[in-house]
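Labels below follow one simple rule: chain letters A, B, ... track the order of the sequence lines, proteins then strands, and each chain is numbered from 1. Atom set for the values below is all heavy atoms of this structure, side chains included, hydrogens, waters and symmetry mates excluded.
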Number of protein chains: 2
Amino acid sequence: MNFKDIDLVQEPNSKSSLRLWIRLLKSSRIIENKLRDKLRREFSTTMPRFDVMAALFRFEKGLKMNELSKLLMVSNGNVTGIVDRLVKDGLIVRMSVAGDRRAFEVRLTKKGHQEFSHQAQQHEAWVDEMLASFCEKDSEELLQKLDGLISALSDPSLEVKK
Amino acid sequence: MNFKDIDLVQEPNSKSSLRLWIRLLKSSRIIENKLRDKLRREFSTTMPRFDVMAALFRFEKGLKMNELSKLLMVSNGNVTGIVDRLVKDGLIVRMSVAGDRRAFEVRLTKKGHQEFSHQAQQHEAWVDEMLASFCEKDSEELLQKLDGLISALSDPSLEVKK
DNA sequence: CATATATAGTTTAAGCCTAAAGCAAAAACC
DNA sequence: GGTTTTTGCTTTAGGCTTAAACTATATATG
């Protein structure tokens, strides 16, 4: 992908909601694409793997599969596959939960913890490099606006009718 | 997916760049998930299909495969598959380009145009419904900040080193 | 002109992702 | 206690996505 051509994209004169959504999608796609590229080149890993490990890094005691899937906002079955591969690579482990023979706790292994610590540091540096110039100016405001957006989106009273 | 549980997600105290990126990703995931759901339920279609048709709707004269992939910021091979399926469904056509036997122009068929017009109207209404309450307040500012972000991201001088 | 390089697009392998169906265990109900 | 419903997770089928390899055509270069 060549990111120099992105400015070919020009939005039509639509309502502000739609324009907002298109910008939102575009900015996160740009960042996502760059990060994916870096993760692959530098660490031979992917965003979904990184995301799972990040969640487990934060919740040291471990997470159940369904907690993981809620946290990452992806489907249940999706998590199964990613976790399978991380287990195969010795980066995480499934542990049975006392009192519930259906459930698993997933945790980082020592190797996984080490590997992720290193990756996370670089990852943060990349994000910083990408956003630094923007963040000097007015990141705090954008941050707050996005928070407002997120809570508006999560407000059940506004839930799009099922 | 149950969107009522999204507020379980709480970010750690990290640098503002990282926090900004996480929020950005989260807000677009919420919207993306809701729209995917609606598109599937109402029109039995997907976001990638919708995106391709939207691009072709805007560029009535048609687009070449590589133009499409730049516009949508996805890989070349990805577009091939989506276009294949849309062609099979009679919604778009591949037309040969005079003077270049490698290239194709892709265009909406009459059926595709009709179908998309209808979908686009609903799509805009959904986005509006989701974002309306937020947009009344301060969408214009957020819009401009995202534009600033996008141009900062697209600035080659800041390009993350290959 | 002949060769080299670049461009347009497809194919492939592997992973990501969803919805829906399925399985087993737990919880609720009667 | 026995039945029903719910919950936790996996499997499946099908589509999405990428990077890399590949084919064919076009362009540049000597």
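With sequence neighbours left out, the side chain to side chain donor-acceptor pair (under 3.5 Å) criterion links A/Asn66 to no other residue. Contacts of B/Arg85 classified as side-chain contact (heavy atoms from CB on, under 4.5 Å), with partners at least two apart in sequence or in another chain: B/Arg49, B/Ile82.
A donor-acceptor pair under 3.5 Å links the side-chain atoms of A/Thr109 to the main chain of A/Gly90, judged by distance alone. Side-chain N or O atoms of A/Glu67 include one that pairs as donor or acceptor with a backbone N or O of A/Lys64 at under 3.5 Å. Side-chain N or O atoms of A/Lys111 include one that pairs as donor or acceptor with a backbone N or O of A/Asp89 at under 3.5 Å. When atom types are taken as modelled, the side chain of A/Asp100 and the backbone of A/Arg102 share a donor-acceptor pair closer than 3.5 angstrom. Put simply, the side chain of A/Ser69 never gets that close to the backbone of A/Val79: no donor and acceptor are under 3.5 Å apart.
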Is there any protein nitrogen or oxygen under 3.5 Å from a nitrogen or oxygen in nucleotides 2-5 of chain D, and what are the pairs?
none

Polar pairs (N or O, both sides) under 3.5 Å between protein and nucleotides 2-5 of chain C?
none

Protein-nucleotides 11-16 of chain C N/O pairs under 3.5 Å:
from	atom 1	to	atom 2	distance (Å)
C/dC16	OP1	A/Thr46	OG1	3.0
C/dC16	OP2	A/Arg85	NE	2.4
C/dC16	OP2	A/Arg85	NH2	2.1

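The distance between atom CE of A/Met47 and atom P of D/dA19, rounded to the nearest whole Å, is 13 Å. A straight line from CE of B/Met73 to P of D/dC16 spans 18 Å, rounded to a whole angstrom. One can place CD of A/Glu32 at 13 Å from C1' of D/dC16, the figure rounded to the nearest angstrom. Note: NZ (B/Lys34) to P (C/dT18) measures 16 Å, nearest angstrom. If you take CG of B/Leu68 and P of C/dT10, they are 11 Å apart, rounded to a whole angstrom. When the P atom of D/dG14 is taken as reference, atom CZ of B/Arg40 falls 16 Å away, rounded to whole Å. At whole-Å resolution of the value, CZ in B/Arg36 and C1' in D/dG14 are 14 Å apart. The NZ atom of A/Lys38 sits 14 Å away from the P atom of D/dA19 (whole-angstrom rounding).
Shortest non-hydrogen contact noted between B/Ala132 and A/Ser17 is N-OG, 4.3 Å.
Using a 4.5 Å heavy-atom cutoff, the side chains of A/Leu18 and B/His123 are in contact.
For A/Phe50 and A/Phe43, the ring centers sit 6.0 Å or farther from each other.
Proximity of residues 89-103 of chain B to DNA chain D (heavy atom under 4.0 angstrom from any strand atom) is restricted to B/Gly99, B/Asp100, B/Arg101, B/Arg102.
Look at A/Asn66 and you'll find a side-chain N or O under 4.0 angstrom from OP1 or OP2 of D/dC9. A close approach under 4.0 Å does not occur between any side-chain nitrogen or oxygen of A/Arg41 and OP1 or OP2 of D/dA20.
A salt bridge links A/Arg40 to A/Asp37: one of the charged nitrogens lies within less than 4.0 Å of a carboxylate oxygen. With salt bridges taken as basic N to acidic carboxylate O contacts below 4.0 Å, one links A/Asp51 and B/Arg29.
Both B/Val83 and B/Phe57 are part of a single hydrophobic cluster, where members link through side-chain heavy atoms under 4.5 Å apart.
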Next on the checklist: Test side-chain contact (heavy atoms from CB on, under 4.5 Å) on B/Trp21 and A/Leu131; report intermediate values, then the result.
Outcome noted: CA-CA 9 Å; B/Trp21 162 229; A/Leu131 301 185; 4.3 Å; yes

